[in-house]
Amino acid sequence: RLGLQWDEGPDVGGPHGPYRQSERLELYQDAAYRLLESGHAYRDFMTREELQELRQREQANKTFEHYERRDRDLPSEESEARAAAGEVHTVRLKVPLDGECTLQDLLRGEIRREWAIVDDQVLLKSDGFPTYHLANVVDDHEMGITHVIRGEEWINSVPKHLLLYTALGWEPPVFCHLPLLRNNDANKTKLSKRKNPTSIHYFRDAGFLAPCLVNYLALMGISRAEGEEKMALGDFVDDFDLEDVSLGGPVFDIDKLRWLNARYIREDLSPTALREALREWALSDENLDRIVPLAQPRLQTLSDWGHLTAFFFADDVAPDPELLTLKGKEPAEIVSILQIVTWRLEQLREWNLEALEETLRDCCDRFELKMRDFTRPLYVAISGSASSTPLFDSMLVLGPDLSRMRLRRAVDALGGLSKKRLKATEKQMQALWRD
RNA sequence: GUCCCCAUCGUCUAGUCAGGUCUAGGACACCAGCCUUUCAAGCUGGCGACACGGGUUCGAAUCCCGUUGGGGAUACCA
């Protein structure tokens, strides 16, 4: 969608296959077995329940001590025998009990971390599947990866990875951890779905051009000292130096994105190309064919089309808080309801009419509301008006990303949810969907 | 709690590694003026930052220490 393509993968093939984790299980299990043999790992027979209990106890005591390593020193014969007898177990990494690990990060230089505070990471789950840590190391080695470039959130697990590379007798790659994109909220937390559109589909649906988005994203973290910021991907590739990436976590600036997009529209598109872009975006025959039947019963004149369907071709509909009402409910309750609906919709795998209808009717039932009352604020959130084309169909045409965004904006229009209220609302949802 | 990372205009950033050319440069946003049938665009100008405190040095945004602030990690998720 962004015009980016990977070089190898299950769909495009490549010399380092197979590319599906399930087809590589043997590889991971072999590695785990080797680690077991060489004493770098051990079988852990603790059950999920026991572990959970331990965690709960810790939480209750407000202690944060790590895993107790009960089976770490089990004699190998016993371990072997119990595994052979079919006892369920995981395979854990035997992390040194003392000393410290020194790692090199391309951007940050040397980082030290004491072994005593790193947990005996599970490598192989009880179902035989690897955790990320094992899979990551095995795959990267097998596939000849030279540079591991990933988000900063992984920096603390490098020691475990390093330990795996050495234990398996492999050459570790160069590690480079990039800063995380942040929310534009008061404390600039890690970019989250709840507060931001994180799906590139949203940006497409909202009418941003792919090359612009690539350009903007490239600007986060690297920039030229002066001058032109509008650059094609190729230009970036030419003078990109990984070590130039800046370390502060950047906040996504939608205003700057809009400005850049305006330039792409203005400077890179002929009127014909623009018309084509509009067609690809939302004015395709196919899309219009979906909207026309919804509008037809509600058109008195052809010219009503504009007002009636404008919301299908908009990013934001700026819902009027005065219209976001629900019979017998305070605004605060409406906010919670809208938020819960949003969460329920996020769970949806397929965005089709049946699923939408089922989800929304289910919500309605659980809130013990009448359908016509319940849908009112939803109409306003989605279309910006209390009278519009059918709700389910309209949401279907708009798609998941725009629909969710509009619900979110409706929540904001009503004053939003504080952290506390958000938690309470989450509990409320859990209570309503207990069964 | 503990550990790790980070810190320049409101935001994205240049400058930091190799201290002086930095009364800190650019971009978005904002404000004003010009242009213009409106608006947008364009042009010109303005506002606006080295988190704080100690060192080192003739000299610190830049090096060191501390404080504060922020982020991340602490799973049989990735």
Asks: Side-chain N or O of A:Arg182 less than 4.0 angstrom from OP1 or OP2 on B:G71?
Replies: no
Asks: By nearest nucleotide on RNA chain B, pick out whichever of A:Gly249 and A:Asp255 is the more 5' one.
Replies: A:Gly249
Asks: Rounded to whole angstroms, how far apart are CG on A:Leu219 and P on B:U13?
Replies: 9 Å
Asks: Go through the structure and list residues passing salt bridge (Lys or Arg N to Asp or Glu O under 4.0 Å) with A:Glu358, not counting sequence neighbours.
Replies: none
Asks: For the side chain of A:Val251, counting heavy atoms from C-beta on, which of B:A14, B:C12, B:C6 is nearest?
Replies: B:C12
Asks: Please state how far atom CD in A:Gln104 lies from atom P in B:C4, giving the value in whole angstrom units.
Replies: 16 Å
Asks: P atom, B:A51 versus B:U16: distance in rounded Å?
Replies: 16 Å
Asks: Of all of residues 152-164 of chain A, which get a heavy atom below 4.0 angstrom from RNA chain B, listed by number?
Replies: A:Glu152, A:Glu153, A:Trp154, A:Ile155, A:Asn156
Asks: Rounded to the nearest angstrom, tell me the gap between atom CD1 in A:Ile117 and atom P in B:U2.
Replies: 12 Å
Asks: So what does A:Arg108 hit on the nucleic acid, given a heavy-atom distance under 4.0 Å: a base, only sugar-phosphate, or nothing?
Replies: sugar-phosphate
Asks: Quick one: list whatever passes salt bridge (Lys or Arg N to Asp or Glu O under 4.0 Å) with A:Arg279, sequence neighbours left out.
Replies: A:Glu276
Asks: Need the pair for B:A73. Rule: Watson-Crick or G-U wobble, both distances under 3.5 Å, any strand; none if unpaired.
Replies: B:U2
Asks: From the set B:U11, B:C5, B:C76, return the single nucleotide nearest to any side-chain atom of A:Leu51.
Replies: B:C76
Asks: For A:Asp73 and A:Tyr42, does a side-chain donor sit closer than 3.5 Å to a side-chain acceptor?
Replies: no
Asks: Round to a whole Å and report the spacing from CG of A:Asp241 to C1' of B:C17.
Replies: 13 Å
Asks: Are the side chains of A:Asn287 and A:Phe312 in contact, using a 4.5 Å heavy-atom criterion?
Replies: no
Asks: State, yes or no, whether a side-chain contact exists between A:Met143 and A:Tyr19 at a heavy-atom distance under 4.5 Å.
Replies: yes
Asks: With the side chain counted from C-beta on, respond yes when A:Leu164 and A:Leu123 share a heavy-atom pair under 4.5 Å apart, and no when they do not.
Replies: yes
Asks: Salt bridge (Lys or Arg N to Asp or Glu O under 4.0 Å) with A:Lys125: which residues, sequence neighbours excluded?
Replies: none
Asks: A side-chain contact here means heavy atoms from C-beta on lying under 4.5 Å apart; do A:Arg113 and A:Glu100 qualify?
Replies: no
Asks: For nucleotides 35-43 of chain B, give me every protein contact, N/O to N/O, under 3.5 Å, one pair per line with atom names.
Replies:
unit_1	atom_1	unit_2	atom_2	d
B:A41	O3'	A:Arg266	NH1	3.3

Asks: Between A:Trp115 (CH2) and B:A73 (P), how many Å, whole number?
Replies: 19 Å
Asks: Between A:Arg43 and A:Asp71, is there a side-chain N and carboxylate O pair less than 4.0 Å apart?
Replies: no
Asks: Heavy atoms within less than 4.0 Å of RNA chain B: which residues of residues 121-136 of chain A have one? Give them sorted by number.
Replies: A:Val122, A:Lys125, A:Ser126, A:Pro130, A:Thr131, A:Tyr132
Asks: Would A:Asp316 and A:Arg409 pass as an ion pair if we require N to O under 4.0 Å?
Replies: yes
Asks: Separation of A:Glu243 atom CD from B:U16 atom C1', in whole Å?
Replies: 15 Å
Asks: Using whole Å, what does the distance between atom P of nucleotide B:A78 and atom OH of A:Tyr28 come to?
Replies: 11 Å
Asks: Report the distance from atom NE2 of A:His177 to atom P of B:A73, rounded to the nearest whole Å.
Replies: 12 Å
